[in-house]
Amino acid sequence: MDRHALICRTILESPGITQRELAQKLNLSLGGINGLIKECLAKGQITFSQEGSYDVTEQGKKFLEQFRVDGALIIAAGFGSRFVPLTFETPKGLLKVFGERMIERQIKQLHEVGIYNITIVVGYLKEKFEYLIDKYGVSLLYNREYASKNTLTTLYHARKVLMGKNMYLLPSDNWLKENMFHTYECGSWYSSIFKEGETSEWCLSINKKGKIQHVKIGGRDSWVMYGPAFFTSAWSEAFFPILEAYYRLPGTEQFHWEQVYMEIVNGTAQKRLAEAKLMSEQNTLLSHLPKFVEQTELYINRQPSTQVYEFENLEELRLFDTKYQNHSNNQAMELISSIFQVGESEIQDIRCLKAGMTNKSFLFQISGKHYICRIPGPGTDQLINRKQEGEVFEAVKSLNITERVIYFNEETGYKIAEYYEGARNANAQSWEDMKRCMELLKILHNSDLQLNHSFLLRERIEFYESLCYRHGQIPFEDYSEVRQWMSALMERLDSLNRPQTISHIDSCVDNFLFLLDGSLKLIDWEYCGMCDPLIDVAMCAIYSYYNENQIDHLIELYLQRQPTREELLVVYSYVALGGFLWSLWAVYKSALGEEFGEYTIIMYRYAKRYYQKSRSL
């Protein structure tokens, strides 16, 4: 940290400032400030006027130019899971605090000190940030890996924006009380506040000059990493080659960029790089790492506890901005408030649940009892008939095998259901679990319940196919041939005149709940309709990624005997058709911006493999 530059910058920003005020502002002793003032005077960087104040000379201003801030990078790619349901509709950085969006407040603070070169790294709901281009002249950079990786990846994709420049690095979801940015910065730093008592934050050990010497996650009564950071061009040139190496190392996908820095400063980066299978440039890194450690000096930028706010969840935001106690302007919160006749402040302990492939859902608590709110995902209205889903809930209510639904809207698809404390999902690798799941399906199939609608594979395949073509292309090279195979399978099944019963269709293990009292529930009936009951066995198998032997065993568990040749043919055909159907579903969802990794390929492989197996029968 260049202290002469600090003196010049502070005098330039605060005309008429005294030595005592300088000492207080820069957290230095009066004697230390006196010595620095003398050195700056001797260098001709400042002058002492007859009025008793200091001024920065032209030479001092020229000296400061090397410290001029070139721009800022704002990280805004993440989902913000601890702020559901608000972040289902709005990225966290675009939430308003006291009527002002957090990211806009920071942009305006940057503008106040002459910083206009601003890049925002986006990912989740990226389109929501587009208006900032026109409003503030920012640039957007898309991080295609935002959904599966952490901020190490974000900085990797933005490295060209940062390297060779003096740049601020800002989380989009910070609220800064006072403007802590400057036209000039005199060294690399990380904002820090003091946390009393136990903390899970990243705790810092620093030397007398404020240089960070060690970082650990969690501690007590410590200065912690909190808020924005600043990188000099020299710091970035030294740091980013190591970050690039970490990006390529397996096991770092969920690393924050700070973890790379922590391992450098703690002296463990060399061990990690040495243990990895190193490429040539990583060998260079390994041999020069001590030099990088010396060059990547990062200083603490102490801030008062009331300056930087990183809201961890909605409850914290409610305490800060009381508007959120009862007026979050969020559809799901308003709905819950209306259904339970309580203020939004009484909706507590809000947590994002594991994201479903069709819907988004979150857990909440009212008066000590937990519930789940389901919100349909993008494009779901094209895939699900909510009126039919409502019919199913009414039909199966008498069986007492599904969750207790508190609220269901056939127009929007919103659903609120009771949450079962301590419940667990079925384990696809436990045959005891799967035996009970198959028994529950048999209860459903043997119930003689009738619905006014059917699940028609041919119609669904044609519909999903049309959606895919409407939004682009179907990417499989051999799709035309495989499509003909599926048509042949459906014709064969039609000729068998199979029985039709109420069938769940979405019978994956995640939809079977084992309750603490030992009972079993089956949830999520969106695709339910009249169909061949053996389709539920096939769907359960492919959702579990079962191989041939496992599928055969699942059939036996369901039938409680050896299957006939026809039953094997039917299940194998449904495995193929189910895989084909859900691969189309995944292609369509991908066109809407939702990716499911290898799921698409796995489902398509089921279609091809089990077409051949059914053909052999």
Side-chain angles (χ1 to χ4, degrees), residues 1-10 22-37 39-40 63-64 66-69 155 162-163 165-170 180-182 184-195 199 201-243 246 256-271 285 288-305 307-308:
M1 188 71 68
D2 193 304
R3 295 191 174 189
H4 297 111
L6 274 175
I7 293 293
C8 292
R9 184 191 75 183
T10 308
L22 273 169
Q24 186 178 13
K25 195 174 185 72
L26 299 180
N27 198 28
L28 296 171
S29 68
L30 194 57
I33 288 292
N34 185 265
L36 287 169
I37 288 288
E39 291 170 7
C40 289
F63 164 67
L64 277 176
Q66 64 186 300
F67 302 101
R68 181 179 290 275
V69 179
L155 259 65
L162 293 163
M163 290 180 69
K165 305 181 188 73
N166 299 325
M167 298 285 287
Y168 285 115
L169 179 65
L170 316 175
M180 59 187 290
F181 306 126
H182 302 276
Y184 308 98
E185 287 290 353
C186 310
S188 299
W189 53 257
Y190 203 115
S191 173
S192 179
I193 65 169
F194 190 80
K195 287 280 189 178
T199 179
E201 300 288 347
W202 298 50
C203 298
L204 304 175
S205 296
I206 53 177
N207 65 14
K208 291 182 179 179
K209 292 185 177 180
K211 178 185 172 183
I212 299 172
Q213 295 185 302
H214 191 271
V215 182
K216 68 173 182 176
I217 302 175
R220 182 179 181 84
D221 297 331
S222 175
W223 287 95
V224 302
M225 288 177 154
Y226 211 78
F230 175 76
F231 300 162
T232 64
S233 60
W235 196 91
S236 293
E237 292 294 336
F239 176 69
F240 275 95
I242 305 174
L243 182 133
Y246 267 70
H256 297 273
W257 73 263
E258 290 94 340
Q259 286 174 268
V260 180
Y261 169 73
M262 178 175 69
E263 294 197 358
I264 294 172
V265 76
N266 290 358
T268 57
Q270 184 168 351
K271 182 172 184 285
L285 283 173
H288 290 85
L289 197 59
K291 175 186 174 184
F292 287 136
V293 171
E294 181 182 341
Q295 289 180 346
T296 51
E297 291 185 347
L298 198 63
Y299 289 85
I300 187 173
N301 185 348
R302 293 181 179 87
Q303 297 294 321
S305 60
Q307 165 61 11
V308 181

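Atoms considered below: every heavy atom in the structure, side chains included; atoms not considered: hydrogens, waters and symmetry mates.
Two residues are said to be in side-chain contact when any heavy atoms from C-beta on lie closer than 4.5 Å; M1 and C186 meet this criterion. Annotation: side chain of L204 is in contact with side chain of V215 (closest heavy-atom distance under 4.5 Å). Within the 4.5 Å cutoff, the side chain of L169 has heavy atoms near those of the L155 side chain. L36 has its side chain out of reach of L22: every pair of non-hydrogen atoms, C-beta onward, lies at least 4.5 Å apart. Side-chain contact between W202 and V224 is absent, with no heavy atoms from C-beta onward closer than 4.5 Å.
Panel note: side chain Y299, backbone I206; no donor-acceptor pair is recorded below 3.5 Å. Judged purely by atom type and a 3.5 angstrom limit, Q259 uses its side chain to pair as donor or acceptor with the backbone of H256. Between the S191 side chain and the Y226 main chain, a donor and an acceptor come within less than 3.5 Å of each other. With hydrogens and angles ignored, the 3.5 Å screen pairs a side-chain donor or acceptor of N166 with a backbone N or O of S233. When atom types are taken as modelled, the side chain of N207 and the backbone of K209 share a donor-acceptor pair closer than 3.5 angstrom.
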request  = Output, in order, the C-alpha distance, side-chain angles, deciding distance and verdict of side-chain contact (heavy atoms from CB on, under 4.5 Å) for L243 and Y261.
outcome  = CA-CA 8 Å; L243 182 133; Y261 169 73; over 6 Å; no
key: V308 vs M180, side-chain contact (heavy atoms from CB on, under 4.5 Å): CA-CA, chis, key distance, verdict   = CA-CA 9 Å; V308 181; M180 59 187 290; 4.1 Å; yes
task = Apply side chain to side chain donor-acceptor pair (under 3.5 Å) to Y246 and E263, showing your working.
result = CA-CA 11 Å; Y246 267 70; E263 294 197 358; 2.6 Å; yes
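Here the CD1-CD1 distance, from I300 to I193, works out to 10.5 Å after rounding to the nearest 0.5 Å. For the atom pair CD1 of I33 and CG of L26, the computed distance is 5.0 Å after rounding to the nearest 0.5 Å. Atoms CD1 and CD, on I212 and E297 in that order, are 11.0 Å from each other to the nearest 0.5 Å. Annotation: the span from L64 atom CG to H4 atom NE2 amounts to 12.0 Å, rounded to 0.5 Å. Between F240 atom CZ and W235 atom CH2 the span is 7.0 Å, to the nearest 0.5 Å. Atoms CE and CD, from M225 and E201 in turn, are 11.0 Å apart once rounded to the nearest 0.5 Å.
More than 12 heavy atoms of other residues, nucleotides or ligands lie within 6.0 Å of CD in Q66, so this atom counts as buried by the packing criterion.
The ring pair (Phe, Tyr, Trp, His ring centres under 6.0 Å) test applied to Y190 returns W257, not counting sequence neighbours.
Pairing each heavy atom of S222 with each of C203, the nearest pair is OG-CB, 3.3 Å. Nearest heavy-atom pair, S188 versus T232, reported as atom, atom and distance to 0.1 Å: OG-N, 3.0 Å. Shown here for F230 and G187, the closest heavy-atom pair between the two residues is CD2-O, 3.3 Å. For the pair L6 and T10, the tightest heavy-atom approach, listed with the atom from each and the gap, is O-OG1, 2.7 Å. A pairwise comparison of heavy atoms in Y168 and H182 identifies OH-N, 2.8 Å as the closest pair.
Ring-plane geometry between F63 and F67 is classed as perpendicular, the angle between the planes exceeding 60 degrees on a 0 to 90 degree scale with a lower cut at 30.
The pair E185-R9 meets the salt-bridge criterion, with a side-chain N (NZ, NE, NH1 or NH2) lying under 4.0 Å from an Asp/Glu carboxylate O.
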